[in-house]
Amino acid sequence: MKIATFNVNGIKARYGIVSDWLREDAPDVAVLQEIKSTDETFPREVAEDAGYELHTHGQKGFNGVAILSKRPVEDVTRGLAPLPGGEEDDEQARYIEGTVIGERDAVRICGLYLPNGNPAPGPKYDYKLAWMARLEARARELLAQEIPFLMTGDYNVLPTDMDAARPQVMAEDALALPPTRRAFQRLLNLGLTEAFRARHPGQPGHYSYWDYQAGAFERNHGLRIDHFLLSPAIADRMTDCTIQSDMRARQKPSDHVPVWLDLDI
DNA sequence: ATGGTGGTCCCACCA
């Protein structure tokens, strides 16, 4: 099964690119972020005419996530639960889960758009760290229930300096600050595998995002911030993980490109 | 300095 994550930066602006991509590259499951649509204004036919089941969690103007699947999807849930101790529900549409039924086995797919967090420090950074704590709590639950799962999407996290073309420029950024990296490392310490780095250890220069400004793509001034985290049972089924960087060279591209995971399930 | 979106007719917000 081929699963792709793609921050599209607006599904309406990316209609043609996503339509062509689904037909030509044909992921079994596509996990989208920044759809910037509500559940009502998402152009459903871009998915359904290409043969996909569509599950959205959107809001007006910003954020929004979706799961597109050629395989049946069961038990779709939206949003991350508040931590015990009582915050409120997340008002921003950033998280969706569904169980995708493979040919032999099922996998719980968690699609996420983690808050950017800039400027840091500040309330937006506090929100990012609180959101990461909620995500960690959800990962602990799924592990405790022994549900095979993966968490994928735009993490807005640079795990190490190797994941930025110019790490010194990012040193004070919310994507790279020590509390951000520690929160990401706590996820890994639960026993999750970061798929791309596990398949390509010690290889710099591989990015999933390039700023629109100042010729960043042409200079390969990129960031690797779109990730797959795999539970142990799913990590055992990984056969490949790649970045589709050529998508950034198309007309009217997103600033992110798809990242692909191949699973033997 | 680039782009998407939404509310107004150029500007603010977000990345």
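Naming convention: chains lettered A, B, ... in sequence-line order (proteins, then strands); numbering from 1 in each chain. Below, all heavy atoms of this structure are taken into account, side chains as well, without hydrogens, waters or symmetry copies.
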Protein-nucleotide distance (A:Q92, atom CD; B:dC13, atom C1'), rounded to Å: 13 Å
Distance, P atom - from B:dC14 to B:dC10, rounded to whole angstrom: 23 Å
Test log, rule salt bridge (charged side-chain N to carboxylate O under 4.0 Å, His left out), inputs A:R78 and A:D90: CA-CA 10 Å; A:R78 292 163 175 81; A:D90 195 353; over 6 Å; no
Atom-to-atom span, OH of A:Y209 to P of B:dT2 - whole angstrom: 13 Å
Nucleotide B:dT2, atom P - distance to CZ of A:R248 in whole Å: 12 Å
Spacing of the C1' atoms in B:dA1 and B:dA15 (rounded, Å): 14 Å
Gap between atoms CG and P, on A:N7 and B:dC14 respectively (whole Å): 17 Å
Base versus backbone protein contacts along nucleotides 4-10 of chain B [heavy-atom cut-off under 4.0 Å; B, S, -]: BSSS---
Linked hydrophobic residues, A:I101 as query - side chain contacts closer than 4.5 Å: none
Rounded P spacing from B:dC13 to B:dT8 in Å: 13 Å
Under the salt bridge (charged side-chain N to carboxylate O under 4.0 Å, His left out) test, residues paired with A:D240 that sit two or more places apart: A:R199
Between B:dA1 (P) and A:H221 (NE2): distance, integer Å: 18 Å
DNA chain B: 5'-proximal contact among A:N63 and A:D211 (nearest heavy atom): A:D211
Value in whole Å for how far the P atom of B:dT2 lies from NE2 of A:H256: 18 Å
Near-ring test A:H206/A:F196, centroid separation under 6.0 angstrom: yes
Salt bridge (charged side-chain N to carboxylate O under 4.0 Å, His left out) against A:R197, all qualifying residues, sequence neighbours excluded: A:D163
Co-members of the apolar cluster containing A:L158 [side chain, <4.5 Å]: A:M170, A:L175, A:Y209, A:L223, A:I225
Length of the CD-C1' vector between A:Q33 and B:dC14, whole Å: 16 Å
Residues A:R248, A:E218: salt bridge by 4.0 Å N-O rule: no
Watson-Crick and G-U pairing of DNA chain B written in dot-bracket, each distance under 3.5 angstrom, with | for inter-strand partners: .(((((....)))))
Ring center gap for A:W260 and A:F228 short of 6.0 angstrom: no
A:R219 CZ - B:dT2 P separation (whole Å): 12 Å
A:C110 side chain reached by A:R138 side chain, heavy atoms, under 4.5 Å: no
Span that lies between the C1' atom of B:dC11 and that of B:dG7, in whole angstrom: 9 Å
